[in-house]
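The basis for the numbers below is simple: all heavy atoms, side chains too, and nothing from hydrogens, waters or symmetry mates. Here is the naming used below: chain letters follow the sequence lines, and residue numbers restart at 1 for every chain. Because the structure is a prediction, the values reported are computed rather than measured.
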Amino acid sequence: MTVDGRVTLVPLGREFYLRPTLAVAADLVGKVLVHRAPRGVTSGMIVEVEAYVGERDPACHASAGPTARNLPMYGEPGHAYVYLNYGVHALFNIVTEAAGCPAAVLVRALAPLEGLALMRRRRARYRGASRMPDEALCRGPGNLARAMGITLKHNRIDLCGSPLSVEDRGFSPGPLVWSRRIGISAGAEKMWRCSVAGHRSVSAGR
DNA sequence: CGTTCGATGCACT
DNA sequence: GTGCATCGAACGT
């Protein structure tokens, strides 16, 4: 926020992402993911993330070394890594750490801020989207991508200067909790999921 | 309320 | 051919 109360529209810079992944994950909670698409602007405060850190993390896609799919994780921090999961859902990650050190933060849930009607329209293929509560529109990584209009075309996009960005609007999200990552088997013991305690938009473990 | 299960595309073996 | 960093409809309780 600026002195006169206007919201700054400057996306987070490269240096924000060029840090240890767990620190970036914690600091992403409370920031605002924004997509300025042709159909309209959608945004939401990040309330739930998971860290996937390096080739030694068995749950990380880079655990078997570089492949065609996970290459974005080896690239420059601050870029998107989007992949298709279960043949149905695009999952949105933000590359972290440093070039050559494969790591990323999976964004799992947002508290919707702008463009709620558009989010609802994008999710309308699912039955009941019209009576779904606002806080459920971006709850869960697959739902979030669909509501925000994030697709595989956004893979490798630079979040520092593109229609897709993360901004600091000065929100204080409240107390954070670290817990187990969801939907994995190997590496499930690591407490690398960070969320806002008790927030209604968090996908699980509220 | 709870649990189970099918959909669906593609990277990887 | 196998197995997903998921979701929600369709059951059962």
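- If you take CD1 of A:I94 and C1' of C:dA5, they are 15 Å apart, rounded to a whole angstrom.
- Shown here for A:T151 and A:V82, the closest heavy-atom pair between the two residues is O-CG1, 3.6 Å.
- Listed pair A:R108 / C:dT6 meets the phosphate criterion, a side-chain N or O lying under 4.0 Å from OP1 or OP2.
- Phosphate proximity of C:dA5 to A:N93: absent, as no side-chain N or O sits under 4.0 Å from OP1 or OP2.
- Note: CG (A:N70) to P (C:dC4) measures 16 Å, nearest angstrom.
- In this structure, A:L113 is a member of the same hydrophobic cluster as A:L159, with clusters built from ILVMFWY side-chain heavy atoms closer than 4.5 Å.
- At a threshold of 4.0 Å, the pair A:R139-A:D134 does not count as salt-bridged, since none of the basic side-chain nitrogens sits closer than that to a carboxylate oxygen.
- Classification of A:E76 and A:R14 as a salt-bridged pair holds, one side-chain N sitting under 4.0 Å from a carboxylate O.
- Cation-pi geometry between A:R69 and A:Y83 is satisfied (NZ or CZ under 6.0 Å from the ring centre, within 45° of the ring normal).
- As a whole-Å value, the separation of A:L91 CG from B:dC10 P is 15 Å.
- Of the side-chain N and O atoms in A:R69, none sit less than 4.0 angstrom from OP1 or OP2 of C:dA5.
- Look at CG on A:L152: it is 14 Å from C1' on C:dT6, rounded to the nearest Å.
- Following rounding to the nearest Å, A:L137 (CG) and C:dC7 (P) show an atom-to-atom distance of 13 Å.
- Listed in residue order, the members of residues 77-87 of chain A having a heavy atom less than 4.0 Å from DNA chain C are A:Y83, A:N85, A:Y86.
- At whole-Å resolution of the value, NE2 in A:H89 and P in B:dG6 are 16 Å apart.
- For DNA chain C, each stem of at least three Watson-Crick or G-U pairs (distances under 3.5 Å) is given as range with range: B:1-7 with C:6-12, B:9-12 with C:1-4.
- Nucleotide C:dA5 holds its P atom 22 Å from the CZ atom of A:R139, rounded to whole Å.
- Using atom C1' as the reference point in both B:dC10 and C:dG8, the two lie 22 Å apart (nearest Å).
- Nucleotides B:dC5 and C:dG3 are separated by 16 Å at their C1' atoms, to the nearest Å.
- With respect to the salt-bridge test (charged N to carboxylate O, under 4.0 angstrom), the residues A:E167 and A:K31 do not qualify.
- Between A:R108 and A:E50 a salt bridge is recorded (basic side-chain N to carboxylate O distance below 4.0 Å).
- Counting only N and O atoms by type, the side chains of A:E48 and A:S195 include no donor and acceptor under 3.5 Å apart.
- Phosphate contact (OP1/OP2 of C:dA5, side-chain N/O of A:H61, threshold under 4.0 Å): present.
- With A:S172 contributing its side chain and A:G174 its backbone, the two residues share no donor-acceptor pair below 3.5 Å.
- The separation of C:dT2 from B:dG6, taken at their P atoms, amounts to 16 Å, rounded to a whole angstrom.
- Ring centers of A:H61 and A:Y52: at least 6.0 Å apart, outside the cut-off.
- If you check C:dA5, C:dT6, C:dG8 against the side chain of A:N143, the one that comes closest is C:dG8.
- One interatomic measurement links the two molecules: CD of A:E50 to C1' of C:dT6, which rounds to 12 Å at whole-angstrom precision.
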